[in-house]
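Heads up: numbering here begins at 1 and tracks the sequence. Whatever order the structure lists them in is the order used to number ligands and atoms, beginning at 1.
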Amino acid sequence: MENTNIPEIFGSLVFNDKVMRERLSDDVYESLRKTIDENVKLDENVADAVAEEMKKWAIENGATHYTHWFQPLTGVTAEKHDSFITPAPDGGVVMEFSGKELIKGEPDASSFPSGGLRATFEARGYTAWDPTSYAFIKDHTLCIPTAFCSFSGEALDKKTPLLRSMQAINRQAKRILKLFGHEDVKYVKTSVGPEQEYFLIDREVWNRRPDLKYTGRTLFGAMPPKGQEMDDHYFGVIKPRVAEFMEDLNNELWKLGILAKTEHNEVAPAQHELAPIYSTTNVATDANQLTMEIMKKVANRHGMVCLLHEKPFAGVNGSGKHNNWSISTDTGINLMSPGETPYENAQFLLFLAAVIQAVDDYQDLLRLSVATAGNDHRLGANEAPPAIISIFLGDELSAVLDAIKNDKPYAGTQEVKMKLGVHALPRFRRDTTDRNRTSPFAFTGNKFEFRSLGSANSIACCNIMLNAAVAESLRQYADELENAEDFETQLHALIKRVITEHERILFDGNGYGEDWVKEATEVRGLSNLKTTADAMPRLLDEKNKKMLMDHKVFTEAELQSRCEIMLENYVKTVNIEGLTMVDMVRKNYLPAIERYLFRLAETTNLMRQVSSKVSCDYEVSTMERLAELTDCIMTAVVDLEKVLSTFKTLEDIFESSEFVRDEMLPKMETLRKYVDEAEMLTSQRDWPFPSYGQLLFSVN
Ligand code: ADP
Ligand code: MG
């Protein structure tokens, strides 16, 4: 490692506040700060001055190019590099970068998905600087975080609606805070700390698995004799090669100002986790995208491959991402944290009620915000939260809500009825709130942790929904309380009513059990949207559209296009998996089994020639079962091929996604089952691809 002085390298490749203050004139700095903090429009002269300094700084730090860095709906980040060079009259070049180039870019957007938006509106899109997320240098390129829109202003990315959702919650939360006398609050922001899980596999072994290469997950593979049942990997000693990777990764992330904080092994062999310190949601979103990208790059440098797929190995724990979320004011109050005084606690309980109502009213939006083909394999597989959304509050907070709901005394209030604004709440200790890991949405002391995200998900999607839904609860409360004659009485009544009406979403029990599925769906009427095909169309439900449009988070056209793009991603992903399976079976698995059968047959023949007494039990029984299996595999592969060709004829995306769910995925599962059984019967020497054991224990 070149430099071990962490404070010195931290953020050294970021045009952050410190750099801005040092390099920009006071006037320019002040007005840029206003834009960043209060969303005040930036004027052109300021932009020019910022661009000039940014360019100088970038060149001093080795950059030759710049790019508008954005997050299209494909899920990866996109960039198109332009160099700073501009021809000079003397035939040479000068390095130039204007305010206009900083603020707006026009990438050729035709290859990014738009779900028909650009066709209807405008053939091209533009990128617009997001000054609230700092510019940084990566691969000799100055990267400017931007939003990506069509010329008619429809968002074609994940950042634009995220910023809009942050505005929405800011607007409504400030109305509420005014009622509590916080006239001094200038803005309210949501913060996120995303914990990121991933697998590390040796590159040589990975290279020999076409399924991993083309689809990010294994489409075949029998379970290894040693899986995770020993639990010895979790928080175990980190292997030297992995430790070197982590050190290198941290170093890269720190340079980019990303607060990588903790790292440890996860439950499955070869699985690890990285958690950063939380930051403002849009900054955290950019940082998480960068983290994923850099994880892959650094792994490669160490001869490994970083798998971010949600379920790379069947039967082994998948990878998720925990979205730790809170709301706080610029004056330093965390609104998700119980306060010191009764009045602060009433405020906390109102914000808590807003989250409870939001999660109940918009369960489907939260569910679909994490829906992808990959994550469908995790949710509901008894390792990750179920596809059913519910909230865990812990014993203490549940008891408080119970006391309010039933006008009962609360243990902490000396046998008098719990009255908001009069009685103080205890501080909830972390260890009493974080016991239940099976809940998808858990209160953990001073924040909520949404655990349904898949490891490859952008955190933008769920935070858009969460912010917007909470903004909607707050809007309703503000409308009601702003006209209250007796604020405290009405506040108490409101909280009591919300807790009563939304009680069904609160569940502290085991979310992995079958009993819960029954209770949740049959008794409580919660939704259980198992697959992307089930969940995604809900984006277009009237209730959801109305809320998202009322808060100006999406337009109707944007919602339509997003729904289609997400379903397209789902359908394409599974289709590629199906094609890869057919390819592997026809070209490798069947010929390999055939080869082994031939050896068995030959051996049997020879042995019988040598002696009439040998029974050849092993050879004969293995041959018999393998011969049956090859028939089954053949039938299954032909079935899958039929489905794949029927699929090509479907045009409607909703129909295609249901077809994928009902026809394609089950056929793939059947095919896999036979091949995996054959793997157990075939000699390893003849098996064409590395086994699960070889993959999972490939890094030493
Ligand atoms: P774990 O869930 O693994 O026990 P922690 O609770 O320490 O770990 O932190 C998990 C993540 O939550 C970290 O990224 C941390 O920065 C983040 N976090 C802590 N406090 C807040 C907060 N108020 N708002 C948002 N995220 C937070
Ligand atoms: Mg966690």
Side-chain angles (χ1 to χ4, degrees), residues 10 162 165-166 169-170 173 187-198 233-236 238 246 249-250 253-254 256-267 271-292 295 317 319-339 344 347-348 351-352 354-355 359 384-385 391-394 397 427-453 455 457-460 462-464 466-467 470 511:
F10 188 83
L162 178 66
S165 75
M166 291 170 71
I169 201 168
N170 173 49
Y187 55 88
V188 171
K189 275 184 179 169
T190 53
S191 303
V192 169
E195 301 164 71
Q196 175 76 47
E197 290 181 343
Y198 60 98
H233 188 255
Y234 192 45
F235 281 84
I238 296 172
M246 286 177 172
L249 174 64
N250 280 340
L253 294 176
W254 289 335
L256 289 168
I258 295 173
L259 297 151
K261 171 91 172 155
T262 49
E263 55 210 11
H264 58 78
N265 289 349
E266 266 300 326
V267 181
Q271 193 183 31
H272 311 279
E273 182 189 287
L274 179 137
I277 296 173
Y278 67 98
S279 50
T280 307
T281 308
N282 63 320
V283 174
T285 304
D286 287 354
N288 184 249
Q289 289 302 124
L290 265 178
T291 301
M292 293 194 283
M295 276 177 167
N317 252 18
S319 298
K321 180 141 58 189
H322 290 175
N323 189 79
N324 293 275
W325 177 94
S326 65
I327 332 176
S328 55
T329 67
D330 62 323
T331 53
I333 311 168
N334 177 358
L335 299 167
M336 288 292 110
S337 183
E344 284 168 4
Q347 179 183 300
F348 161 72
F351 278 95
L352 180 75
V355 176
V359 174
I391 301 180
F392 170 89
L393 290 180
L397 195 48
R427 284 221 156 227
F428 303 108
R429 283 197 328 278
R430 169 63 199 255
D431 54 345
T432 63
T433 57
D434 198 27
R435 285 199 195 117
N436 188 335
R437 310 297 290 180
T438 67
S439 176
F441 203 93
F443 180 70
T444 51
N446 60 357
K447 61 186 189 294
F448 272 99
E449 185 166 340
F450 185 33
R451 300 183 176 130
S452 305
L453 288 79
S455 46
N457 280 148
S458 158
I459 62 169
C462 75
N463 286 298
I464 293 170
L466 191 52
N467 292 344
V470 174

So the atoms of ligand 1 within less than 4.0 Å of a heavy atom of S191 turn out to be 25 (C)

In terms of heavy-atom contacts, N457 and M292 come closest through O-CE, 4.2 Å

Does even one non-hydrogen atom of E449 get within less than 4.0 Å of ligand 1?
yes

Just jot down the side chain to side chain contact (heavy atoms under 4.5 Å, CB included) partners of A275, sequence neighbours excluded, or say none.
E195, T262, E273

In Å, rounded to the nearest 0.5 Å, how long is the span from CE of M166 to CD1 of I464?
11.0 Å

Relative to atom 15 (C) of ligand 1, which among A275, A442, P276 owns the nearest non-hydrogen atom?
P276

Between the side chains of Q196 and S455, is a donor N or O closer than 3.5 angstrom to an acceptor N or O?
no

With respect to Y278, determine whether any N or O atom, backbone or side chain, lies less than 3.5 Å from an N or O atom of ligand 1.
yes

Would T444 count as a contact residue for ligand 1, given that I'm defining contact as a non-hydrogen atom of the residue lying under 4.0 Å from a ligand atom?
no

In ligand 1, the atoms that come under 4.0 Å of a heavy atom of N334 are 23 (N)

E195, portion touching ligand 1 at heavy-atom distance under 4.0 Å
side chain

Regarding atom 11 (C) of ligand 1: of the candidates L274, T281, N324, which has the closest heavy atom?
N324

State which residues pass ring pair (Phe, Tyr, Trp, His ring centres under 6.0 Å) with F441; sequence neighbours excluded, sorted by chain then number.
F448, F450

Identify, by atom number and element, the atoms of ligand 1 in contact range of I277, meaning under 4.0 Å from any of its heavy atoms.
16 (O)

Hey, what do you get for CG (N463) to CG (N323), rounding to the nearest 0.5 Å?
4.0 Å

Is E273 in polar range of ligand 1, meaning some N or O pair under 3.5 Å apart?
no

Would you say the side-chain atoms of S191 and T280 include a donor-acceptor pair closer than 3.5 Å?
no

Y278 atom OH: more than 12 heavy-atom contacts under 6.0 Å:
no

Going by distance only, is there an N or O of S326 that falls short of 3.5 Å from an N or O of ligand 1?
yes

Taking 4.0 angstrom as the limit and counting only heavy atoms of G193, give me the atoms of ligand 1 inside it, by number and element.
14 (O), 26 (N)

